[in-house]
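To keep things clear, I will list the structure first and then write my remarks on it.
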Amino acid sequence: FELKNISADFGQGEITGKGHFEIQRWQNCPIDIGLRYQNITIDPIQDVRLKGSGDLALTGNWFPYLVSGNGIISEGIVTKEFESDNTQKISYSPFIPIDLQRKQFELLHLNVEAIASPILIKNDLLDGHVSGSVLLTGPVQQPSISGNIQIHQNSRIFFRNQEFRVDQGLLILDGSSDFNPAIIMN
């Protein structure tokens with residue numbers, strides 16, 4: 001199947017793309033689809049709203065397919081509270097074969113870089129702006145996150161009922177699947 005002109009209005013922005021996919025035989029269904037998104041506003045999880053533009057590709061011959069690309073987040077607000085239990089249930093599409101739904105398998109792997117200009121975070125740990133670059137890799141159910149996030153001056157961090165004003169701050173994400181960044185602050 002050849003997809004020559006993908007076009008959609010989505011999230012107050014636009015998606016365009018092209019590509020192809022084949023159904024050759026069981027466990028061999030090559031996909032190569034490229035998408036460009038412009039000024040899309042999404043809520044990827046509750047209490048997180050992001051706006052951005054970038055490129056994504058869906059490639060591979062069978063599960064897990066690879067989602068790769070890059071994006072620039074031009075605006076964002078995060079009011080989600082950072083909790084220790086980040087588990088989210090992924091629901092399967094009705095188009096996924098039943099026997100694949102019953103097995104523990106990975107639908108997608110990620111290799112996506114996101115560069116963010118100031119994003120507002122306002123929750124019980126941080127009240128301020130952050131920017132930086134992160135790379136999401138691995139299974140979509142539990143990706144690894146690596147990169148650096150700058151905490152902007154005059155942001156406020158709350159820790160053990162104390163408020164700290166930030167002159168300079170940096171979160172260093174090492175790529176481990178548990179979100180436990182190193183924090184450097186002045």
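Atom set for the values below is all heavy atoms of this structure, side chains included, hydrogens, waters and symmetry mates excluded. The model shown is predicted, which means the values in this text are computed figures rather than measured ones.
Atom-to-atom distance recorded for H129:NE2 and H152:NE2 is 8.0 Å, nearest 0.5 angstrom. With rounding to the nearest 0.5 Å, the separation of CZ in R156 from CD1 in I121 is 14.0 Å. Once rounded to the nearest 0.5 Å, the distance linking CG of N61 with CD of Q27 reads 11.5 Å. Put simply, CZ on F159 and CG on D124 are 12.5 Å apart, with the number rounded to the nearest 0.5 Å. Atom OG1 of T137 and atom CG of L66 lie 10.5 Å apart (nearest 0.5 Å). Distance CZ/R36 to OG/S7: 13.5 Å, rounded to 0.5 Å.
Here the side chain of S74 pairs a donor or acceptor atom with the backbone of K51 at under 3.5 angstrom. Distance alone, capped at 3.5 Å, places no donor-acceptor pair between the N70 side chain and the E113 backbone. A distance-only check finds no donor-acceptor pair linking the side chain of S146 to the backbone of G175 [under 3.5 Å].
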Subject >> Working for side chain to side chain contact (heavy atoms under 4.5 Å, CB included), residues L126 and I157 >> reply: CA-CA 5 Å; L126 177 65; I157 293 178; 3.7 Å; yes

**OP:** Check the pair H20 / E2 against side chain to side chain contact (heavy atoms under 4.5 Å, CB included), numbers first and verdict last.
**Re:** CA-CA 4 Å; H20 67 273; E2 194 73 31; 3.7 Å; yes

Original post:
Hey, mind stepping through D127 and F158 against side chain to side chain contact (heavy atoms under 4.5 Å, CB included) and telling me if it holds?
Top reply: CA-CA 8 Å; D127 182 0; F158 307 100; 3.9 Å; yes

Original post:
Which is it for T41 and R49 under the side chain to side chain contact (heavy atoms under 4.5 Å, CB included) test, yes or no, and what are the steps along the way?
Top reply: CA-CA 7 Å; T41 300; R49 174 163 284 195; 3.9 Å; yes

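In terms of heavy atoms, S131 sits closest to A116 at CB-O, 3.2 Å. Considering every non-hydrogen atom in both E106 and F63, the closest pair reads O-CB, 3.7 Å. Closest of all the heavy-atom pairs between Q141 and L107 is NE2-N, 4.1 Å. Nearest heavy atom pair, residue I119 against residue L50, reads CD1-CD2, 4.2 Å. Shortest non-hydrogen contact noted between V166 and Q168 is CG1-C, 3.4 Å. Considering all non-hydrogen atoms of both residues, R165 and N154 come closest at NH1-O, 3.6 Å.
Around atom CD of Q24, more than 12 heavy atoms belonging to other residues, nucleotides or ligands sit under 6.0 Å away.
A single hydrophobic cluster is not seen to contain both I115 and L110; linkage of ILVMFWY side chains at heavy-atom distances under 4.5 Å, directly or through other members, places them apart. Both V134 and I73 are part of a single hydrophobic cluster, where members link through side-chain heavy atoms under 4.5 Å apart. Residues L120 and I151 do not share a hydrophobic cluster, clusters being chains of Ile/Leu/Val/Met/Phe/Trp/Tyr side chains in contact below 4.5 Å. Residue F10 is grouped with residue I33 when hydrophobic side chains (ILVMFWY) are merged at heavy-atom distances under 4.5 angstrom, including chains of intermediate members. One hydrophobic cluster, built from ILVMFWY side chains closer than 4.5 Å, cannot hold both V78 and L170; they sit in different ones.
Each of L56, T59, L136 was checked for a side chain to side chain contact (heavy atoms under 4.5 Å, CB included) with V67, and the lone residue meeting it is L56.
Residues L108 and L58 are in side-chain contact: their nearest non-hydrogen atoms beyond the backbone lie under 4.5 Å apart. At a threshold of 4.5 Å between non-hydrogen side-chain atoms, the residues L171 and I183 count as touching. Proximity of W62 to C29: side-chain heavy atoms (C-beta onward) are separated by under 4.5 Å at one or more points.
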